[in-house]
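We're numbering straight along the sequence, starting at 1. This is a predicted model, so every value here is computed, not measured.
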Amino acid sequence: MKKKSNKITIPEAAEILGVSKATVTYWARTGHFKAEREKDRWVIDKNSLQEFKDSQFTGGNL
């Protein structure tokens, strides 16, 4: 049985957050959520992205 990955790509994160890929890349580079480079692309921890989304988009902080 294959283990389900807890990582998503920049385009997937951009769709989840409703922002551009450039914005997600900037947030990844500046440490707004857990993200790392794998070869030539960024991968983002799903749980960390969800925490970021909850705090920024539903917490009234914008």
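- No more than 12 heavy-atom neighbours from other residues, nucleotides or ligands sit within 6.0 angstrom of CZ on Arg41.
- The shortest non-hydrogen separation linking Ala35 to Ala28 is CB-CB, 3.8 Å.
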Criterion side-chain contact (heavy atoms from CB on, under 4.5 Å) on Thr23 and Leu17, from CA distance to verdict: CA-CA 10 Å; Thr23 297; Leu17 297 175; over 6 Å; no
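- Here CZ of Arg37 is found 6.0 Å from CH2 of Trp42. Values are rounded to the nearest 0.5 Å.
- When all heavy atoms of His32 and Phe52 are compared, the pair lying nearest together is O-CD1, 3.6 Å.
- By the 4.5 Å heavy-atom criterion applied to side chains, Phe33 and Val24 are counted as neighbours.
- Partners of Lys21 according to the salt bridge (Lys or Arg N to Asp or Glu O under 4.0 Å) rule, which considers only residues two or more places apart in sequence or in another chain, do not exist here.
- Among the candidates Val43, Ile44, Leu49, the single residue satisfying the side-chain contact (heavy atoms from CB on, under 4.5 Å) test with Lys7 is Val43.
- Under the side-chain contact (heavy atoms from CB on, under 4.5 Å) criterion, Gln50 pairs with Lys53, Asp54, not counting sequence neighbours.
- With rounding to the nearest 0.5 Å, the separation of OG1 in Thr9 from CD in Glu15 is 9.5 Å.
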